[in-house]
Amino acid sequence: MDISNLKKELEFQKIGRELHAFIGELYPLCRSITGNGLRRTLKVIQGHIPITLHEVPTGTQVFDWTVPKEWNIRDAYVKNDQGRRVIDFNASNLHVLNYSIPVQETITLEALKTHLYSLPEHPDWIPYRTSYYKENWGFCLSHNELLKLDEGEYEVCIDSSLQNGSMTLGELYLPGEMEDEVLLSCHTCHPSLCNDNLSGVAIAVFLAKYIHSVARRYSWRFLFIPGTIGSIAWLALNEERTEKIKHGLILACLGDSGEMTYKRSRRGNAEIDRIVEYVLRTSGNPYEIEDFSPYGYDERQFCSPGFNLPVGCLSRTPHGRFPEYHTSADNLEFIKASKLEDSFSKILSILSALESNRTYKNLNAKCEPQLGKRGLYRTTGGRVASPEDEMALLWILNFSDGQHSILDIAERSCLDFNLLKKSADILIEHGLLAEE
Ligand code: ZN
């Protein structure tokens with residue numbers, strides 16, 4: 001069985017529900033770009049797929065960047081003068097500015113306020129804020145909670161540590177017939193946020209689980225890495241392998257109710273760009289295609305000019321364009337099992353087309369072969385059921401000159417990719433076609 005057969009075998013509705021449940025399992029963990037929350041997340045993933053964990057030590061130079069100190073947190077709170085926790089890390093890990101240095105002091109409300117972050121325009125939501133590369137501490141809270149704070153003294157405690165340690169990268173390599181690779185990468189550094197990016201993580205895990213179980217033409221590489229510094233470190237440590245990456249996708253924001261959006265690779269017309277566009281165009285659902293820009297997720301690093309890899313970014317509503325982005329409202333209610341299911345199904349179609357997209361040579365190229373005598377023409381009651389099937393055979397035969405892939409022929413003929421692939425398989429059986 002290969003990836004294209006998975007589409008027929010899988011129960012997508014069930015997978016949508018399983019994806020949502022898996023996200024629910026990862027949701028409470030306080031992740032960051034380093035630390036035990038990130039490790040625990042990768043350990044949970046290891047319960048589903050055999051990823052390898054790489055520890056990159058603090059201080060490792062990766063191109064122009066340095067792997068930072070490792071951050072861990074046990075507890076954090078702000079207590080009022082009656083000893084009540086008015087901000088409590090145990091209620092939501094978003095309450096702490098991610099990467100806060102340890103602090104234990106009693107300060108006035110005025111001094112405390114210089115370390116508080118809220119969203120007046122969405123007064124019930126807690127913002128998500130980080131300070132990875134500048135030592136700082138702070139708390140995030142809903143604006144309504146901020147307004148409730150009375151004048152007076154507050155006890156502030158962040159029981160965290162920022163010490164030499166390491167950054168953990170998760171990786172799964174699935175060898176195929178060829179050394180050429182397909183790369184699927186997602187960021188694993190966000191704490192309790194669902195669309196950005198537990199949706200991408202969960203879908204990557206489930207894709208890996210199924211692709212692991214089938215025959216593969218390409219080799220497949222799955223990366224579960226912290227945003228920015230994770231991809232920079234992976235590229236720095238694996239530079240010689242990058243020439244094998246022939247197609248790649250960054251997976252993020254795949255559970256919201258928006259339509260699919262694809263951001264092309266920097267190359268703009270790579271095979272992955274064309275296949276994603278083809279699959280979305282023929283899906284029957286609205287979609288958006290955007291050109292590459294040097295802002296966004298880890299495609300920024302994979303598509304930096306020194307690498308310029310064919311890696312695009314697939315999402316539903318892109319980062320920053322839904323109000324819930326980087327707030328406590330990007331929660332388990334915001335993402336929908338039906339949308340996770342839809343994203344998973346479309347990505348599987350894309351990956352299946354990647355695996356199936358081949359170029360053939362017509363072995364009977366001087367005039368058309370006589371299809372009727374081989375049972376390949378409808379009038380003879382053979383395997384070909386419709387005029388469309390016949391057209392697919394004719395398109396494959398005519399354009400299989402070693403120059404046109406199935407994708408080229410699908411784009412030009414407006415015939416279905418899978419129908420063309422099936423036609424090519426039939427022609428190979430009859431000795432009329434060979435893989436180039
Ligand atoms: Zn984000």
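Indexing begins at 1, ligand by ligand and atom by atom, following the structure's order. Sequence positions, counted from 1, serve as the residue numbers for this chain.
- With N36 contributing its side chain and R39 its backbone, the two residues share no donor-acceptor pair below 3.5 Å.
- For a distance bound of 2.8 Å, the N, O or S atoms of H326 include one lying that close to the Zn ion (ligand 1).
- The N, O or S atom of D196 lying closest to the Zn ion (ligand 1) is OD2.
- Counting only distance, with no hydrogens or angles, the side chain of R31 and the backbone of C189 share no donor-acceptor pair below 3.5 Å.
- Looking at R316, its side chain never comes within 3.5 Å of a backbone N or O of G255 through a donor-acceptor pair.
- Because the distance cut-off is set at 2.8 Å, H190 qualifies as a neighbour of the Zn ion (ligand 1) through one of its N, O or S atoms.
- Rounding to the nearest 0.5 Å gives a distance of 11.5 Å between SG of C157 and CZ of F89.
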